[in-house]
Amino acid sequence: MRLFEHKDLLSIDQLSIADIELILDMAESFKEISNRDIKKVPTLRGKTVVNLFYEPSTRTRSSFEIAAKRLSADTFNLSSSNSSTIKGETLIDTGMNLQAMNPDVIILRHSSTGAPHMMAKAVSSGVINAGDGINEHPTQALLDLFTIREKKGRIEGLKIVIIGDISHSRVAKSNIKGLKKLGADVTVSGPPTMVPIGIENYGINVIHNPSEAIRKKDVIMLLRIQFERQSNILFPGIREYAKYFGVTRKMIELANDDAIIMHPGPINRGVELASEVIDSPGSVILEQVKNGVAIRMAILYLLIGGSSK
Ligand code: CP
């Protein structure tokens, strides 16, 4: 019997609370492997994992590759610059050609919303959404949920604020869905031009002033301004953003004493977050990266290897 009844991982929407808890619990048991001298188990021996990245990535791509290798899967990487995309091949034709070589899973990052969903319909292998435009980044949200649960012991009832360019952030969208599913109290903050109109209707608090938004929160999650995804200038400039919305140590003092600081990366130091906060004891930013390997090991295992046995 399979533990996880999904061919693909495309969105937090498709996951039940039980699915999310299964992924987090599985990641907890996989995390220990990365601390061993020999960081490898034979669990996915003989499986093939393709990293197909049409946008730059430091964390997601390398952690998927490390996760696959720690489970003994074979991996290979393809990007837009070294694939036949530059000769005019469509995404789906690329997918069908990869499918002909029988991979078990294709991990896809793309600038267009819905690209992984199209790919999942076209190929019989599993597809994992590694970030599609401004839509979703489900594996980032799962590693964030894992980190919050690890640090706080729970997610239900926690007060969490997400600050930054909410409208263009796939990380914000996936996190809001996951956090709401698990019962957190979610607030978003940022310039009115970067917060979707009507988001309150989804049970989310909106406090534009970041100092007010941080007050008495348990978790403070920062986001980068997604300049590459904005079709209009939504703020006069980086210096103004840093002055009015950049989070400083003084602002963090308004949160609960044991609040944690999170950021999915990449960080623009001194813009959305001051360096002294990034490197402070409350910051769990690099632990998020570490947990990314465990979460991606769990997801690969559940999608292409998992059985009750
Ligand atoms: N958090 C995240 O998606 O980072 P990368 O763009 O480096 O993968």
Side-chain angles (χ1 to χ4, degrees), residues 58-59 134 137 140-141 143-148 150-152 155 158-176 178-180 184-196 199-200 204-230 233-292:
T58 298
R59 285 146 286 267
I134 62 167
H137 194 348
Q140 178 68 45
L143 76 88
D144 291 339
L145 294 173
F146 181 86
T147 306
I148 295 169
E150 187 178 57
K151 293 289 163 194
K152 297 284 176 192
I155 290 172
L158 287 181
K159 292 191 181 305
I160 297 175
V161 61
I162 307 176
I163 305 173
D165 184 1
I166 309 296
S167 299
H168 296 92
S169 172
R170 55 198 180 199
V171 174
K173 289 190 187 73
S174 289
N175 259 298
I176 288 168
L179 289 165
K180 292 290 294 174
D185 179 60
V186 182
T187 299
V188 295
S189 179
T193 47
M194 295 184 188
V195 175
I199 195 170
E200 301 92 333
I204 295 151
N205 315 303
V206 178
I207 304 177
H208 292 294
N209 181 308
S211 296
E212 285 306 311
I214 286 170
R215 200 175 289 279
K216 300 258 177 262
K217 295 297 187 294
D218 301 299
V219 177
I220 301 152
M221 189 182 291
L222 276 301
L223 302 171
R224 182 178 66 89
I225 312 172
Q226 310 271 310
F227 283 114
E228 73 277 22
R229 302 191 202 285
Q230 296 175 0
I233 307 285
L234 300 177
F235 214 79
I238 285 181
R239 277 190 301 178
E240 282 83 0
Y241 187 89
K243 181 170 174 199
Y244 294 106
F245 289 92
V247 170
T248 61
R249 192 175 57 188
K250 212 167 153 42
M251 290 159 78
I252 295 293
E253 285 168 6
L254 299 168
N256 287 339
D257 288 345
D258 58 352
I260 56 171
I261 321 295
M262 304 180 77
H263 194 307
I267 299 174
N268 289 141
R269 277 182 184 261
V271 180
E272 66 269 21
L273 193 53
S275 267
E276 58 184 359
V277 183
I278 297 167
D279 304 321
S280 68
S283 165
V284 297
I285 295 168
L286 292 179
E287 288 176 66
Q288 289 172 260
V289 179
K290 182 174 186 170
N291 289 336

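- A heavy-atom distance below 4.5 Å is not found between the side chains of K159 and V219.
- Checked by atom type, the side-chain pair H263/Q288 shows no donor-acceptor distance below 3.5 Å.
- Residues D144 and Q140 have side chains that bring a donor and an acceptor to within less than 3.5 angstrom of each other.
- Here the shortest heavy-atom pairing between H168 and I134 reads O-CG2, 3.6 Å.
- Contact detail for L145 and I155: the closest heavy-atom pair is O-CD1, 3.5 Å.
- Of all the heavy atoms in A141 and N175, the pair that sits closest is CB-N, 3.7 Å.
- Under 4.0 Å is where a charged nitrogen must lie from a carboxylate oxygen, and between K152 and D258 at least one such pair does.
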Side-chain donor-acceptor pairs of residues 247-256 under 3.5 Å, sequence neighbours excluded:
| residue | atom | partner | partner atom | Å |
| --- | --- | --- | --- | --- |
| T248 | OG1 | M251 | N | 3.4 |
| N256 | ND2 | K216 | O | 3.3 |
| N256 | ND2 | D218 | OD1 | 3.0 |

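- Listed here is the closest heavy atom pair of P210 and I163: CB-CG2, 4.4 Å.
- For the pair I160 and K217, the tightest heavy-atom approach, listed with the atom from each and the gap, is N-CD, 4.2 Å.
- For the atom pair CG of N209 and CD1 of I207, the computed distance is 8.5 Å after rounding to the nearest 0.5 Å.
- The structure places OH of Y241 at 5.0 Å from CD1 of I225, a figure rounded to the nearest 0.5 Å.
- Looking at V277, L222, L273, D279 one by one, the single match for side chain to side chain contact (heavy atoms under 4.5 Å, CB included) with I285 turns out to be L273.
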